[in-house]
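Whatever order the structure lists them in is the order used to number ligands and atoms, beginning at 1. Below, all heavy atoms of this structure are taken into account, side chains as well, without hydrogens, waters or symmetry copies.
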Amino acid sequence: MHRRTFITSLASLAVAGPAAAQMNHDMSTMNHSAQSNAPATSLLDLPEGQPLRELPRLANQSVTPGLFKASITAGPMNARLIEGVGTPMLGYNGGNPVIEVTEGDRVELDFTNDIPEEPTTIHWHGMPVPADQDGNPMDAVAPGGGRSYVFDLPPGSAAPYWFHPHPHEFTAEQVYRGLAGVFLVKPKADPIPAAYGDTVLLLTDIRLAADGTIAPNTSVDLMNGRIGDHVLTNGQKNPKIEVRVGERRRFRLINATNARFLRLAFENARMTVIGTDGGLLEAPVAADEILLTPGERVEIVAAFDSPGPATLTTLEYDRGWMGPGKPDESRLALLTASIAGDLAEPMPDLPRELRTIPAFANPAVTRRFVLSEEMGGGMEGMDHSSMPAAGMKFLINGASFDMNRIDTVSKVGQVELWEIVNDADMDHPFHIHGTQFQVIERELGGIVSQAPHPAWKDTVNVVPGETVRILLRQDLPGARMYHCHILEHEKLGMMGIVDVQA
Ligand code: C2O
Ligand code: CU
Ligand code: CU
């Protein structure tokens with residue numbers, strides 16, 4: 001449906017324009033009836049400017065070369081975001097760990113679900129793992145239960161991946177309550193100078209109620225995706241690093257928020273993109289700004305050439321907000337580098353060539369996936385409390401997700417052209433499990449633009465009215481999900497299953 005009609009349906013709840021305040025009031029009344037005992041949210045201050053913490057590494061319990069073995073438990077943890085206030089959250093082994101392995105390694109993880117009364121899974125976002133090890137909603141682990149996840153990471157799979165829960169109906173909540181981790185697959189030989197370091201920046205988004213607990217979702221969240229009040233970098237608000245003039249640093253940025261579009265700039269630093277979701281580019285590309293949508297990763301090298309602080313910050317981005325309550329998404333500082341005296345020795349330059357990305361063969365089939373939004377019938381007179389779940393639908397090819405339905409049948413090893421068509425009014429970051437794809441071209445308003453350079457991707461943003469054409473191949477059999485990575489849209493149906501047959 002088109003944005004105008006969508007807003008019109010909302011306007012039947014409350015009138016826009018001079019009555020905007022009234023509309024906000026109505027929306028909040030609606031939220032309260034939807035979440036009857038929800039505490040009111042308030043903008044609690046989080047401490048800023050503390051030294052950047054490294055995320056904990058998951059220790060390898062194996063001594064066998066080429067084998068990574070560890071235990072991982074999803075369960076409650078108590079976070080200390082504010083002095084003296086505990087925030088009940090969910091964590092993996094009590095936090096957001098980094099699993100670091102080398103391509104070619106075998107991984108064996110012993111998983112336990114300690115989340116009270118909720119099923120969960122671990123999904124290895126972007127990773128080439130077998131379908132039955134990929135934490136699909138069909139493979140839920142019951143509360144108190146466990147399973148092992150076992151997979152081999154083939155040569156060429158080095159990339160900054162991440163992992164998160166994917167149980168049917170609970171993914172969005174479990175992610176905003178804190179469940180996410182980083183999965184770094186390192187290459188055998190890394191072309192990026194070691195002198196740049198390797199800093200992971202896991203970006204999450206949190207909204208706290210006045211008592212410091214995580215506030216539940218509102219109907220505005222269900223429609224637009226949940227936007228928190230604070231973007232956190234490795235669990236901290238605007239942490240600080242120290243660098244020297246002339247220093248270059250490698251950063252791996254992961255957008256693990258439910259729904260926040262991060263249009264990023266690095267004030268007083270020069271950014272060079274060196275990699276995307278599926279690993280390094282063929283050659284470095286200078287960038288003034290980067291749009292990192294939910295689920296995506298980017299690797300950059302930041303050059304700090306002049307004195308004074310440098311700030312990684314967000315810029316305004318219009319992703320098609322529906323209804324009231326659009327948060328201010330600009331000027332959020334995610335990381336501040338304080339730049340002290342000169343470097344003793346100049347840093348090595350980036351190599352001109354990082355790797356080769358082979359082109360796909362011609363596609364054997366073309367498939368079309370049309371993303372649309374629907375506001376269920378007659379909002380007028382509808383019980384407000386039933387409105388969010390009953391009213392909104394996010395569809396692919398006109399269908400809402402059904403765990404027991406195969407939407408697409410494909411073949412192992414077959415090159416396919418997928419056309420992702422956004423026939424909706426919001427941006428939708430489209431994600432496919434089990435493989436990496438290449439964006440070939442984008443078409444908007446009759447104008448086709450080729451991708452500027454090849455890159456491995458597993459999530460691509462599609463703006464309203466746009467068609468994005470991608471090439472992909474699934475090398476492993478089984479059922480794979482594809483969906484919008486705004487997790488509230490995934491929850492409300494914008495997901496399908498492709499069965500890849502051997
Ligand atoms: Cu990161 Cu199906 O998701
Ligand atoms: Cu995924
Ligand atoms: Cu979406």
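Taking 2.8 Å as the threshold, H485 does not count as a candidate ligand of the Cu ion (ligand 3), since none of its N, O or S atoms lies below it. Here H483 reaches atom 2 (Cu) of ligand 1: one of its N/O/S atoms is less than 2.8 Å from the metal. Not a single N, O or S atom of H123, from either the backbone or the side chain, sits less than 2.8 Å from atom 1 (Cu) of ligand 1. Metal site remark for atom 1 (Cu) of ligand 1: H164 contributes an N, O or S atom at a distance under 2.8 Å. In summary, no N, O or S atom of H166 is located under 2.8 Å from atom 1 (Cu) of ligand 1.
Checking T366, V365, I470 one by one against L417, the side chain to side chain contact (heavy atoms under 4.5 Å, CB included) holds for a single residue, T366. Screening L184, I99, N96, I254 against W162 for a side chain to side chain contact (heavy atoms under 4.5 Å, CB included) leaves a single residue, I254. Of the candidates V468, I432, T276, T293, V460 forms a side chain to side chain contact (heavy atoms under 4.5 Å, CB included) with just one, namely V468.
In this structure, L312 and L201 have side chains that are in contact, with non-hydrogen atoms separated by less than 4.5 Å.
Between atom OG1 of residue T314 and atom CG of residue L262 there is a gap of 7.0 Å, rounded to the nearest 0.5 Å.
Contact record, Q414 with A364: CG-CB, 3.8 Å, taken as the closest heavy-atom pair.
Minimum-distance N/O/S atom of H125 relative to atom 1 (Cu) of ligand 1: ND1.
Taking the Cu ion (ligand 3) as the apex, the angle formed with ND1 of H428 and ND1 of H489 is 100°, to the nearest 10 degrees.
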